[in-house]
Amino acid sequence: MSENKRKYIVTSAWPYVNAIPHLGNLIGSVLSADVFARFLRLRGEEVVFVSGSDMHGTPVAVAAKTKHLPAEELAMKNHEIIADLFQRWNISYDNYTHTHTPTHIKFVQEFYVEVQKNGYIFEKEIESLYCKEDNLFLPDRFVEGICPHCGASGARGDQCDNPECGKLLTPLELNKPKCAICGSTPEIRTTKHWYMDFPKLQEELKELIENNQIIPQNARSMCLNSIEEGIPERAITRDLEWGIPAPFEGAEDKSIYVWFEAVLGYISAVKEWAEKNENDPKRFDSFWKDNETNAVYFIGKDNIIFHLIVFPGLLMAYNANKKEEEKLVLPYNVSSTEFLMFEKDKFSKSRGVGIWINEALEIAPLDYWRFNLVYNRPEKSDTSFLWSEFENNINTLNDIIGNFIHRTLTFINNKFESKIPEKIKLDERDEQFVVKLKTISEQIEFYLGQFELRKALREIVEYAREGNIYLNDKAPWHIIKKNKKAAGHVFNLCAQFAYSLAILLGPFIPNTSKKILELLNLEKDLNELGWDSIDENKLETGKEIKKAEPLFEKLDIDDIKEKLIKIKQKKKRVKQIHMISYEDFKELDIRIGKITNVEGIENADNLYKLTLDTGDGTRTLVAGLAQHYKEEELLNKNIAFLANLEPKKLRGVLSEGMLLAAVKDNVVSILTPDKDVDPGAKIE
RNA sequence: AGGGGUAUAACUCAGCCUGGGAGAGAGUAUUGGUCUCAUGCGCCGAAAGUCAGGAGUUCAAAUCUCCUUACCCCUACCA
């Protein structure tokens, strides 16, 4: 990496909102990108790290239909779950957004208008299968039928499922095609679509890949080969309601194909960040419209072509005819991972194979996961998550890193009144040790610069081993009997070493890093201290440190496995039976309250702000009753409400509970007690 | 089917691009020793591999070329 500070756009692939990510998804893009972004910030680089949920597309629309929910509601709900999980995983996004924001939608539409203006979009009519029952043009995958080649049933519209055959198909070729959603027979209809003229960009894309020396070799040859074969034109519109309306004339009932709008989220997410978080729209230009900016994409191996050919192609089509300072920056590099397997098997939602990121947090502390995932990051080939490896890695963390820091700090606690002892003259062994300390950050930086996160972390562990070796060589617990100063000298260096570990581990396991800094009693946080702050004189002689506490604990892997099994079983049960125990019911605190005030809420035609007398005080509830009750109908009524619901802001008003009402179709009826009871009465 | 990858000790992997310290490295597990400041931890040593199989190029091949086998990805809406 160069000496000059550079600007970085760091991105991770956009998770599809229809599923909770699993460990493989996480290490493939999200966690890797986070480590990198944290590292850059620690180095003091200018970084914006963004991603978001991919909200649109057929699967969401179909799932919403079966759940009788509006697609938007389902997508938004899932988005919030995912966003919350990423936060709990300590993913340091500057903006984690989604593709259904006004900023994104507007950006996408304007983007394609430009692309069309620049002459990269043409129209074409095709024949496609349409399901009358579902009112849907069926995507290839949603058509099933009999393979015309081998006669196997269950062939899909894109490929025959029979492994013996496996031929590529188009939906129109299938015999007896059926809609995969409802099973009825679809009909052939003609529909018009808008196409992206990739062949026109062929040469330009080839140059881009050829001139980029930094992208990984395998990605490079893959792309060049694919370009050599010819990049096909691609339809960018779909006949689907759930998506971003296509901005082309005559395309009023079309959406932009998810793939062609979700990637633009990399751009719109920064735009949104600049406008909302930074309150400075120019920050967007300074990142995206500066060709010196390094845009880095963390993706899985299945996404290489898309990020190195399709996405840059879109950018080029947009940039054509633009002034230099208006052009959007092309990708600088991609870091692609292979896949993570689970005990030699593929992660599979339907078969329940694997660990999902919500489950992981329930069975082991976060940093153990972060450490383990990066330590085994699938950089060269598919890699299995193995319980035995997980156990190994927990032990490494504990025995090598945790133990070194702990033995150093407790010694200082016990023998030197918790004050960093004085350093005396370095001998040869000390010098050797100090050289390691002074060169380590450069070494790790080198690997991180090459996106070898796994190697970087492994080198840090090796480095920590050096600490233990040094301690053993010196054996200060012997020296101290004759020469306290000389023993103190050793621990001065070891404390400096512990400090270096806090810095180095910062991008990988930030919680642990923070804990070490706390134990060393440092006021500044990691980024203030900085990547280059490692030095053998960093901690001053006499500085008081805190009482040591173990950083990690060993876990019994069988316990963890069992916990996971229980979690999975519990989920299954909830899904299947929907029965809850009496204990569960008792969790609900339902009470009677008297409505003492009712008022409307600005910009919300269905909401009332209710003031409630709860017997022991008053609270505010927001209820969606304005379409069903007049204000005076509610005033002074005794109503039932859920008192221990998490408070939530609705249209800027904090609602501290939920009013209960019977709902059927368009009738909404609030629940009031049959007899006169005082506010505060509990419902059992 | 075409294209891109991967195959190295019991296990997880490094080395391969750019062939060369005539003994192929590390961690874990196994095993011998040792320390006792520290969390059943640390440190030192041993054993363990026809580098997927085959052919070729070369003074020299895990490394370059070709063929075969197995698995993964893309082409073809899962990181």
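In what follows, chains are A, B, ... by sequence order, proteins preceding strands, each numbered from 1.
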Looking at every strand, decide which applies to [X] at a 4.0 Å heavy-atom threshold: base, sugar-phosphate, or nothing.
X      : value
A/T58  : nothing
A/K474 : nothing
A/K380 : base
A/S388 : nothing
A/E229 : sugar-phosphate

For atom [atom1] of [X] and atom [atom2] of [N], their distance in whole Å:
X      : N      : atom1 : atom2 : value
A/E228 : B/rU75 : CD    : P     : 19 Å
A/N225 : B/rG5  : CG    : C1'   : 13 Å
A/F347 : B/rC73 : CZ    : P     : 14 Å
A/F390 : B/rA29 : CZ    : P     : 17 Å
A/F339 : B/rC71 : CZ    : P     : 17 Å
A/F306 : B/rA79 : CZ    : P     : 11 Å

[N] OP1/OP2 closer than 4.0 Å to side-chain N/O of [X]:
X      : N      : value
A/S221 : B/rG5  : yes
A/S336 : B/rA79 : no
A/K344 : B/rU12 : yes

Assign the ring pair [X] / [Y] to parallel, tilted or perpendicular, where the plane angle (0 to 90°) is split at 30° and 60°.
X      : Y      : result
A/H98  : A/H100 : parallel
A/W356 : A/F347 : perpendicular
A/F298 : A/F36  : tilted
A/F342 : A/W387 : perpendicular
A/W369 : A/F390 : parallel
A/Y93  : A/F49  : tilted

Can you tell me if A/H104 and A/T99 form a side-chain donor-acceptor pair at under 3.5 Å? no
Under 6.0 Å from the six-membered ring centre of A/F339 and within 45° of its axis: does the NZ or CZ of A/K301 meet both?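 Flagged: A/K301 positioned over aromatic ring of A/F339.
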Searching all strands shown, indicate the nucleotide that pairs with B/rC78 (Watson-Crick or G-U wobble; both distances under 3.5 Å). none
Across all strands, who's sitting opposite B/rG45 as a Watson-Crick or G-U wobble pair, both distances under 3.5 Å?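 Paired with B/rG45, as far as the under-3.5 Å criterion goes, is B/rU31.
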Along nucleotides 31-42 of chain B, 5' to 3', which nucleotides get a B, which get an S, and which get a -, given that the test is a protein heavy-atom distance under 4.0 Å? ----SSBBB-SB
Measuring only between side-chain heavy atoms, which start at C-beta, is A/I394 closer than 4.5 Å to A/F552?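 Counting from C-beta outward, A/I394 and A/F552 never come under 4.5 Å.
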Tell me which residues in residues 17-26 of chain A put a heavy atom below 4.0 Å from RNA chain B, sorted by number, or none. A/H22, A/G24, A/N25
For atom CD of A/E210, is the number of surrounding heavy atoms from other residues, nucleotides or ligands below 6.0 Å larger than 12?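 Enclosed: over 12 neighbouring heavy atoms sit under 6.0 Å from CD of A/E210.
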Pick the nucleotide of RNA chain B nearest each of A/K346 and A/L340; which residue has the one closer to the 5' end?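 So the residue in question is A/K346.
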Could you tell me how far [M] sits from [N] if I compare only their [atom1] atoms? Round to whole Å.
N      : M      : atom1 : value
B/rG19 : B/rC78 : C1'   : 40 Å
B/rU8  : B/rG49 : C1'   : 7 Å
B/rC51 : B/rA14 : C1'   : 13 Å

